[in-house]
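Data first, discussion second: the structure below is written as structure tokens.
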Amino acid sequence: MRIAVLRETAEAERRVAATPETVKKLIALGATVAVESGAGDGANISDSAYSDAGATVDGRDATIAGSELILGVQGPDVGELRGIKSGAMLVAILSPFARREEINIYAASGLTTMAMELMPRITRAQSMDVLSSQSNLSGYKAVIDAAESYGRAFPMMMTAAGTISAARVFVMGVGVAGLQAIATARRLGALVSATDVRAATKEQIESLGAKAIFVEAVKGIEGEGSGGYATEMSDEYKAAQAALVSSHIAKQDIVITTALIPGRPAPRLVSDAQIATMRAGSVIVDLAVESGGNVEGSVVGAAPVVHGVTIIGHRNIPSRLAADASALYSRNLYNFIAAFWDKDAATVVFPADDDIVKGVTLTRDGAVVHERLV
Ligand code: NAD
């Protein structure tokens, strides 16, 4: 089987779908690997590092020609896949709900496409879970971005010239990104508090040494929630949450929001009126900005200052840590391929009735097949 690794074309995408490490591992399985020249530039991986690992390195057309499996970070448009073999497979983060029309075109072009972000959250698939591997880095980077923009220090410092007090950091949404944000802010010496709608996160927050701030008057989501995910909350809950946030946020220096609800716009958690109560120089990082935003006034790809508070809304945060994000993402891809590798046939075989395969497959045999798309 010939596997192609493409150079990403989306704006500000610095990640790459294979590293020399995973190229070697794919070759050890029995595949041949072709890498598009420059694919690793954004992650500081040279063409020669890929050829030393055993890949051929060439232009896009030569890389695609004859390849049966194409690996990417973001989904390329079909127009970018000139000369692709009919029946070839494309595995990447394909954003099927935002790119619905392109998914139809993948199907019409006879491509089998698999969206890695739809990987089921089951134990067997943990090592293939790209949302977790990338969100973890986003949670870390959100705190570093906040620290960089904040005109004060995070830790308490007792000096001969007097004492500097510790920064107060409030993390809203305690999934994978939120947990890493709490841990990172704690390591920097901040006083950290956090909230979520899922009761199971309370213990996780406390075990990281942070204070859990929870709505008590109205019941949230018991335990983990369905599949570990939150749902839209009742109006009564939202009102109680808004009151809780209003009383807490005025005392915070840094707020990191990470709240998402699968298949829906991100919940609004911080209002303009609440931002106005924060001290000038405070910083908010809205990690949900690309899904509609948790914070009123956040802007994708910008950092407006509102009431003296900087609201950071970077797009594609994992790409800002491209080397680590690529290393983890490409291992996720390798683990996925290796799990379905048929040694004798020296190719990957995806049984249509496997839970993982069903979870990620968008198109097959000329049709859109994913249950959430048909
Ligand atoms: P996510 O990105 O969907 O959401 C981030 C967090 O925001 C979640 O904790 C969610 O409860 C919270 N949130 C949503 N609405 C909110 C609101 N109105 N107010 C406050 N918080 C709100 O979550 P995620 O990071 O993808 O993690 C979801 C779950 O999946 C977690 O329980 C995680 O431990 C679990 N998980 C399981 C596996 C696995 O078993 N393979 C892998 C990764 C994650």
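Atoms within a ligand are numbered from 1 in the order they appear, just like the ligands themselves. Being a predicted model, the structure only gives us computed values, none of them experimental.
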Let me know which of Asp129, Leu131, Val360 forms a side-chain contact (heavy atoms from CB on, under 4.5 Å) with Glu117.
Leu131

Nearest non-hydrogen protein atom, atom 42 (C) of ligand 1
Asp129 OD2, 3.1 Å

Go through the side-chain N and O atoms of Asn332 and Ser133 and say whether any donor and acceptor fall under 3.5 Å apart.
yes

Any N or O of Thr123 that comes nearer than 3.5 Å to an N or O of ligand 1?
no

What residues form a salt bridge (charged side-chain N to carboxylate O under 4.0 Å, His left out) with Asp342, not counting sequence neighbours?
none

Residue-ligand contact Thr201/ligand 1, heavy atom below 4.0 Å:
no

For atom 2 (O) of ligand 1, what's the nearest protein heavy atom and its distance?
Leu260 CD1, 3.6 Å

Worked verdict on Ser271 versus Glu296 for side chain to side chain donor-acceptor pair (under 3.5 Å):
CA-CA 5 Å; Ser271 68; Glu296 188 171 358; 4.8 Å; no

What's the verdict on side chain to side chain donor-acceptor pair (under 3.5 Å) for Arg121 and Ser132, showing C-alpha distance, side-chain angles and the deciding distance?
CA-CA 10 Å; Arg121 262 138 173 216; Ser132 290; 3.2 Å; yes

I need the nearest protein heavy-atom contact for atom 34 (O) of ligand 1: residue, atom name and distance, please.
Glu224 OE1, 4.6 Å

Heavy-atom protein contact below 4.0 Å for atom 39 (C) of ligand 1
yes

For atom 19 (N) of ligand 1, what is the nearest protein heavy atom, given as residue, atom name and distance?
Gln241 NE2, 2.9 Å

Say whether Tyr106 and Arg99, considering side chains only, have a donor N or O and an acceptor N or O under 3.5 Å apart.
yes

Looking only at protein heavy atoms, which one is nearest to atom 31 (C) of ligand 1, and how far off is it?
Arg198 NH2, 3.4 Å

Nearest to atom 33 (C) of ligand 1, what protein heavy atom do you find, and at what distance?
Val176 CG2, 4.6 Å

Considering residues at least two apart in sequence or located in another chain, which fulfil the ring-ring contact (aromatic ring centres under 6.0 Å, His included) criterion with His314?
none

Heavy-atom distance to atom 6 (C) of ligand 1: which of Gly175, Ala200, Ala194 wins?
Gly175

No-hydrogen, no-angle side-chain donor-acceptor test under 3.5 Å, Arg15 and Ser326:
no

closest protein heavy atom to atom 16 (C) of ligand 1 is Ala259 CB, 3.7 Å

With heavy atoms under 4.0 Å as the rule, classify the contact between Leu269 and ligand 1 as side chain, backbone, both or neither.
side chain

Using heavy atoms and a 4.0 Å limit, tell me yes or no: is Ser132 in contact with ligand 1?
yes

Atom 12 (C) of ligand 1: which protein heavy atom is closest, and how many Å away?
Asp196 OD2, 3.3 Å

Nearest non-hydrogen contact to atom 26 (O) of ligand 1 from the set Gln126, Arg121, Met119, Gln180 belongs to Arg121

Between the side chain of Arg100 and the main-chain N/O of Leu373, is any donor-acceptor distance below 3.5 Å?
yes

